[in-house]
Amino acid sequence: MLFLELAQTFEKMEKTSSRLDLTQYLVELMKVTPSNIIDKVIYLIQGKLGPDHSSKELGIAEKMVIRSLSLATGISSSEIKLKFNEIGDLGDVVYKLNYNKSQSTLFSEPLTVERVFDTLTKIANTSGTGSLNLKIRYITSLLNNVSNLEAKYLLKLILGNLRLGIANYTLMDALAIGFTHDKGNRVILEKAFNVSSDLGNIARILAQGSIEEVQSISVSLFIPVRPMLAERAADSKEALSKIKGKCLAEFKIDGERVQVHKRGTRIELFTRSLENITSHFPEIVKMFTDLDVDNFIVEGEVVAINPHDQKFLPFQSLMRRRRKHDIQQAMEAYPVILNLFDILYHNGNDLMNLVFEERRKILEINFGNIKSDRLKLVNQKRVSNIDEIDNFMAESLDSGCEGLMLKDSNSRYRAGAREWAWIKLKKEYAGTITDSVDLVVLGALYGKGRRVGKYGALLLGSYSKEEDTFYTICKVGTGFKDDALSVLYDTLSKQIIHKKHPRVQSGNVHMDVWFEPSVVLEIISPEITLSPVYTTGRNMIKPGYGLALRFPKFSGNIREDKSPEDITTVEEIIDLYNNQFKQ
Ligand code: ATP
């Protein structure tokens with residue numbers, strides 16, 4: 001398949017703000033893509049080289065690309081830099097440069113998608129001495145003899161800034177329509193995606209096999225499962241009324257959720273957004289290596305403890321594990337414990353269809369008697385009335401936990417779903433009006449005064465899974481320490497797009513810059529109010545009005561473990577708004 005075909009589709013996609021158009025372009029592309037490379041095409045559309053959990057990232061330094069571009073075009077690096085400073089995106093620069101393709105020959109082969117994918121993979125896998133020159137050679141070889149349009153999208157891919165605004169859900173819609181002529185089959189694709197986390201592979205199975213084959217995809221070791229999520233209840237009474245089976249209450253620990261996969265000596269740890277974080281917790285890996293139990297996928301909450309009094313420490317203490325050079329020190333200053341709460345797979349058996357009570361039994365049989373400072377089972381108790389829940393909540397808060405998780409003993413593990421089978425109950429729900437929420441940054445206004453050269457206020461949004469759309473909810477400008485402002489400025493500047501993202505409904509709000517929705521912030525606010533400006537929940541409570549956070553403040557927590565599709569949903573905001581009047 002010619003890369004030019006893909007570049008032409010990218011160009012059409014970049015020019016539209018309509019999701020319907022995007023889906024249509026994708027469907028057309030699927031129809032002309034040979035089935036043996038459809039996985040590669042899917043990854044490239046997402047700006048990736050494979051599924052999130054196993055592929056290397058693209059994103060080569062601009063400097064290196066400028067050098068390659070200079071070599072390929074014969075234009076000096078300084079001239080390219082000048083243009084780059086003016087335009088801000090090297091892909092757009094190369095599109096506008098009418099360069100003389102000096103290296104082209106009459107007989108050179110046109111660029112194919114296969115060659116682009118393979119070369120990008122080589123670039124991502126090249127490291128060590130001499131790698132810089134090798135990478136420049138690879139990039140130059142791709143840029144020789146291509147049209148401006150191909151060069152534009154090659155550079156966007158290489159730099160990791162192809163921002164087409166295509167979410168997994170849009171891709172699944174397109175795959176369902178393109179291959180089965182029935183958008184309703186997206187549900188089957190979504191189920192397969194929730195246990196296999198690899199849309200490229202699903203597309204290939206669909207293109208070369210059938211929807212039935214996709215339906216039979218099940219959990220397997222070392223492929224992370226998208227986690228089951230919890231609804232939130234305002235109080236124990238509401239929680240109890242929602243649980244259908246017997247209610248099993250567990251301590252809710254404020255750490256980081258990890259999924260552990262083990263076979264023999266191979267052990268891998270994944271976050272809730274499916275990132276491989278095995279290297280962050282060497283002591284957990286060692287503990288599992290020494291363990292007799294084998295062949296499983298378990299889930300738990302890893303939490304830092306104070307080495308002097310063994311008390312749980314807040315979530316932030318785990319942040320140092322994210323910096324490679326800090327891990328050894330962090331292991332001493334903040335040792336961790338893994339608190340297991342679920343098992344999804346054991347000895348070749350998919351356990352996700354067993355009810356929770358049975359899964360817990362299997363967890364207890366296999367891990368209940370292990371004597372280790374690093375491993376525990378989450379405290380659990382069967383509760384049947386409000387008093388029992390409230391007493392267990394007091395016990396949980398006493399031991400430094402943040403509340404309770406209430407689980408329906410009869411529920412199956414539903415990967416990726418947020419349902420009333422799991423309910424979170426935190427202590428702050430009782431006292432203040434809203435819990436903290438996680439929102440994605442959509443745009444920004446430049447700062448004034450002390451914040452000149454940085455962003456002054458950030459436009460935040462909530463998410464609707466149904467519509468796969470982000471809705472605005474507030475602008476936030478407080479709670480940012482100077483160093484957080486700089487970090488955020490650097491991170492967000494890489495996500496700038498030249499117009500509002502197609503998956504954002506912003507109404508009439510002016511922004512100096514718009515971003516690809518990617519950075520998630522934890523926000524605290526004392527109240528949710530009706531608003532004529534913001535679009536979250538518009539017309540759902542009162543015609544013409546949406547909902548807004550009043551006096552929003554950044555908590556200091558950048559939720560690197562959450563992807564934009566994992567943030568607080570529009571429905572949750574509406575519930576939080578309604579709950580304010582119950583107290
Ligand atoms: P969410 O996971 O619901 O999107 P979040 O990441 O902000 O939201 P919380 O709202 O604090 O987290 O609550 C859910 C999380 O609580 C789970 O994803 C898990 O990481 C954690 N957790 C702690 N204890 C338990 C437990 N006993 N069972 C399940 N999850 C638990």
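Remember, it's 1-based here, ligands and their atoms both numbered in the order they're listed. The structure presented is a predicted model; accordingly, all values stated were derived computationally and were not measured.
When the heavy-atom distances from atom 28 (N) of ligand 1 to K407, R232, K252, R257 are ranked, the shortest goes to K407. Considering M228, M405, R559 only, the shortest heavy-atom separation from atom 26 (C) of ligand 1 involves M405.
Listed by number with element, the atoms of ligand 1 under 4.0 angstrom from any heavy atom of L229 are 2 (O). Ligand 1 places these atoms under 4.0 Å from at least one heavy atom of R272: 1 (P), 2 (O), 4 (O), 6 (O), 8 (O). Close approach of ligand 1 to D438 is summarised as follows: ligand atoms under 4.0 Å from at least one heavy atom of the residue are 7 (O). Under a 4.0 Å criterion applied to the non-hydrogen atoms of K562, ligand 1 contributes the atoms 1 (P), 4 (O), 5 (P), 6 (O), 7 (O), 8 (O). Listed by number with element, the atoms of ligand 1 under 4.0 Å from a non-hydrogen atom of R418 are 1 (P), 3 (O), 4 (O). Close contacts between ligand 1 and W422 involve ligand atoms 29 (C) [criterion: under 4.0 Å to a heavy atom].
For ligand 1, the polar-atom distance check against V378 finds no nitrogen or oxygen pair separated by under 3.5 Å. Between I253 and ligand 1, an N or O atom pair is found at a separation short of 3.5 Å.
Side chains of F296 and F288 form a contact here, defined as non-hydrogen atoms less than 4.5 Å apart.
Listed by chain and number, the residues in a side-chain hydrogen bond (donor to acceptor under 3.5 Å, both in side chains) with K465 are E190 (sequence neighbours excluded).
The stretch residues 289-303 participates, sequence neighbours left out, in these salt bridge (charged side-chain N to carboxylate O under 4.0 Å, His left out) pairs: R257-E299, K286-D290.
Looking at L460, V440, T491 one by one, the single match for side chain to side chain contact (heavy atoms under 4.5 Å, CB included) with V519 turns out to be T491. Applying side chain to side chain contact (heavy atoms under 4.5 Å, CB included) to L291 and the options N366, I370, I267 leaves one that passes, I370.
At least one heavy atom of K426 sits under 4.0 Å from some atom of ligand 1. Judged by the shortest distance from any of its heavy atoms, E402 lies inside the 4.0 Å radius around the atoms of ligand 1.
Between the side chain of S273 and the backbone N or O of E275, no donor-acceptor pair lies under 3.5 Å.
Checked against the 6.0 Å centroid criterion, the rings of F270 and H261 qualify as a close aromatic pair.
Among all heavy-atom pairs drawn from S399 and F312, the shortest one is O-CD1, 3.8 Å.
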